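Below: the structure, in structure tokens.
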Amino acid sequence: MHAPLTRRRFAGLTAASLAGFALPAFAAAPKPAARDLRIKRLKVTPIALPDPPILAASGCHGPYFLRTIVELETDDGITGIGETQGDERVVQELEQCRKLVEGRSAFAYRSFAAPMRDLRTSVYAGIEMACLDAVGRATGRRVCELLGGPVREEVEFAAYLFYRYAADDPRVFADTHLVDRRGKGDQALDRWGEVRTPEAMAEMAWQFHQRWGFRVMKLKAGVLEPEVELRTLQLMNERFGGKAPLRIDPNGRWSVNTAIRIGRELDELPLEYYEDPVQGLRAMADVRHQTGLRLATNSCVTRWHHLLDALAVKPIDVLLADLYWFGGIAGVQSLGVAAENVGWGLSYHSNNHAGVTMAAMIHTGAITPQLTYAGDTHYVWLADGADIIQGSNLPIRGGKMKVPAAPGLGVQLDPDKLARAHETWRKSGMRRRDDATTMRRFEPGWKPTLL
Ligand code: GKR
Ligand code: MG
């Protein structure tokens, strides 16, 4: 005879049957792959990639821009890749990090930040990028998914418009750093020609719009006379029928008086923001106050600790984030929260970079909801096929870039292109950016005086 089914017995039976049923199934479940992603080897490869003679307040870009590729080989057979700045000191500091990261797990990337605190901020950023790429590859997840999931699958960028000399200007070929076989005419690095008048710039802006679909136009100023640059912006506005949001960035080369004088004229234009017309928090705050314009910076607030003074002096409305300055990909994500809480908009700063950084910027834009301004990117100036990633350069359509679909950052290094870029670095002898010296090839005696 069966014992009566009491509440207690029912509970016991249920637990036993559940256990009896579940245990064998649990035991049969496939064991998740145990991956430690222990870093076996840090590989640091300095590279030089071709750059056209574009102009800014610092002078003229040399024949190459410098970057460093970071590869982290793990004992699971997975290699994570990162890219960071290319100055000699960054390369040396990355080399010093070997003893810090080798033998550690790529999952523990946050623990590298404290011991790297006294190094250039871009050192941690490059290592973090490679760790996240390794973790993504190991887990089959995109970097944006590892950090909370994308709030957008496409990230918008602005047309980054520089006055410039032609890629095949004879003075480019006179540069002894030039070691590749770039030619003239059809064989030139690019076909934009010389752009040093308002008319030529308005035309180039239109061509950028036609080719890549950019909606927002950013003029790199601080190159020609301020009135000529104002005229350039006005002509661009006419060319776009008043429909394109505009930005102007003299890189701090204007005096406060010039910035206020030009700023009052800018009021007539669909200006999205006025970027670094002058140098320093107080001068920026002065221009902001006197013109009532929305000011932006990638110069007077470039580190976390600058935020304190900036909050007191109030120089800006929009901050340009840079993952090399603000603590890597996750650092920019946090910067978004900070910016939102202090009432600043967020945009992107960019120096020249290759496709690995481009991918990292897209992932970061995808996980930073506050990054609502179209970001800067120099990527358009990197000739197609000159990147070190496999395949063509990452595409820009409708002014936007899609988050790459593959795990990790979603881009692969092309070993041949990487070797070539390293060889160019070795032969060119360029070890740091020196726009002033290059500029003096074009304009002997040139100095970065205040305008
Ligand atoms: O690459 O010439 C350049 C830019 O001017 C760059 O150096 C700036 O850092 O792009 C940057 C900016 O927005 O000021
Ligand atoms: Mg700027």
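Keep in mind that this is a model prediction, so the values were computed, not measured. All ligand and atom numbering here is 1-based and tracks the order in the structure.
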Between W206 and F240, does the ring centroid distance fall short of 6.0 Å? yes
So, do D376 and K218 sit near enough that their side-chain heavy atoms are less than 4.5 Å apart? yes
Which one of E73, E95, E71 satisfies the salt bridge (charged side-chain N to carboxylate O under 4.0 Å, His left out) criterion with K43? E71
Non-hydrogen atoms closer than 4.0 Å to ligand 1: which protein residues do they belong to? List them by chain and number, please. A56, H61, Y160, F162, K218, K220, D249, N251, E275, N298, H349, S350, N351, D376, H378, R433
With sequence neighbours left out, what residues match D175 under salt bridge (charged side-chain N to carboxylate O under 4.0 Å, His left out)? R441
For the Mg ion (ligand 2), check which protein N, O or S atoms are under 2.8 Å away and list them. D249 OD2, E275 OE2, N298 OD1
Which residue, F173, W192, F442, forms the ring-ring contact (aromatic ring centres under 6.0 Å, His included) with Y165? F442
Answer yes if the ring centres of Y324 and H349 are under 6.0 angstrom apart, and no otherwise. no
Could you check whether any side-chain heavy atom of L233 comes within less than 4.5 Å of a side-chain heavy atom of L269, counting everything from C-beta outward? yes
Check whether NZ of the Lys or CZ of the Arg K400 lies under 6.0 Å from the centre of the six-membered ring of F214 and within 45 degrees of that ring's axis. no
By salt bridge (charged side-chain N to carboxylate O under 4.0 Å, His left out), which residues pair with R431, not counting sequence neighbours? none
